[in-house]
**Student:** 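The structure that follows is given in the form of structure tokens.
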Amino acid sequence: LRIIVDGPYAIERRRIASATPGAPGLPHRPHHAFLAGALGGYVVWGRYSNVNHQLLLYLASRVFVGCFKLASERVRAPPFSWRKGLGFANAYPWAAAGIWGTVMALFEGRPDVLHHSLRRSMDEIYRYD
């Protein structure tokens, strides 16, 4: 019954899992996780659709914030506080200003590079016909 439930290679999988250090399912090297994610991202999420695009934008923003947190851990400082007095409450308005300034500059100079939904929203708000 164990072979039916666990599959024919259950004994071999247990032997390999007991011989490998670390928790099962965790990659041995960081680049293994990157390669697995890149392959999965290309195969599963690589085809353009509105949903995939929104998911990619969501993930990009989370990775961006995660990189800032990682950088702050490396210098042993809380997130968004590399300079004295630049905590999250003080840094957030500057981040919003930088992002919206970039959006406005792209909208005025190169609207073709903006996502069509953002461009339509910006047209609705700022362009008067």
Side-chain angles (χ1 to χ4, degrees):
L1 186 62
R2 177 173 237 157
I3 290 176
I4 294 171
V5 173
D6 293 340
Y9 302 106
I11 296 170
E12 183 65 17
R13 278 198 313 266
R14 274 194 225 107
R15 184 188 68 74
I16 291 171
S18 66
T20 43
L26 294 178
H28 294 289
R29 306 265 191 284
H31 69 273
H32 291 173
F34 174 81
L35 292 174
L39 179 65
Y42 184 83
V43 171
V44 177
W45 304 104
R47 182 173 294 173
Y48 178 83
S49 73
N50 288 333
V51 172
N52 289 355
H53 187 87
Q54 290 299 315
L55 180 65
L56 189 66
L57 293 175
Y58 172 80
L59 290 175
S61 68
R62 297 305 184 243
V63 167
F64 185 70
V65 170
C67 287
F68 276 112
K69 287 182 179 180
L70 180 63
S72 70
E73 288 174 6
R74 298 258 169 126
V75 295
R76 292 181 174 80
F80 303 107
S81 64
W82 291 282
R83 293 185 204 147
K84 190 161 182 78
L86 194 59
F88 181 80
N90 294 334
Y92 183 81
W94 289 104
I99 290 168
W100 275 105
T102 304
V103 167
M104 292 302 290
L106 287 173
F107 177 65
E108 291 297 327
R110 291 289 309 274
D112 57 302
V113 300
L114 295 175
H115 189 266
H116 60 87
S117 66
L118 175 59
R119 191 171 57 243
R120 277 198 310 259
S121 297
M122 298 293 283
D123 280 335
E124 186 69 29
I125 295 169
Y126 294 107
R127 302 263 192 237
Y128 300 104
D129 292 333

**Student:** Out of curiosity, does V43 fall in the hydrophobic cluster containing L35 (side-chain heavy atoms, cut-off under 4.5 Å, transitive links)?
**Tutor:**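 No.
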**Student:** Quick check: do E108 and Y126 have side-chain heavy atoms less than 4.5 Å from each other?
**Tutor:**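 No, too far: nothing below the 4.5 Å cut-off.
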**Student:** Looking only at non-hydrogen atoms, find the nearest pair between R47 and N52 and report the distance.
**Tutor:**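 Scanning both residues, the minimum pair turns out to be O-ND2, 2.7 Å.
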**Student:** When clusters are formed by joining ILVMFWY residues with side-chain heavy atoms under 4.5 Å apart, either directly or through shared neighbours, do L118 and Y48 land in the same one?
**Tutor:**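 No, separate clusters.
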**Student:** Taking everything shown except F64 itself, do over 12 heavy atoms lie less than 6.0 Å from its CZ?
**Tutor:**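 No, because the 6.0 Å sphere around CZ of F64 holds 12 heavy atoms or fewer from other groups.
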**Student:** In Å, rounded to the nearest 0.5 Å, how long is the span from NE2 of H115 to CG of L106?
**Tutor:**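 So the gap between those two atoms works out to 14.5 Å.
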**Student:** Under the criterion side-chain contact (heavy atoms from CB on, under 4.5 Å), which of L55, L57, V51 is the partner of H53?
**Tutor:**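 Passing option: L57.
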**Student:** Would a single hydrophobic cluster contain both V103 and V113, if residues Ile, Leu, Val, Met, Phe, Trp and Tyr are joined by side-chain heavy-atom contacts under 4.5 Å?
**Tutor:**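 Yes; tracing contacts between hydrophobic side chains, which count when under 4.5 Å, links both residues.
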**Student:** Got L56 and W45 here, is their nearest side-chain heavy-atom distance under 4.5 Å?
**Tutor:**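 Contact flag for L56/W45 side chains = no.
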**Student:** Under a single-linkage definition using a 4.5 Å side-chain heavy-atom cutoff for Ile, Leu, Val, Met, Phe, Trp and Tyr, are F34 and L39 assigned to the same hydrophobic cluster?
**Tutor:**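 In one cluster: no.
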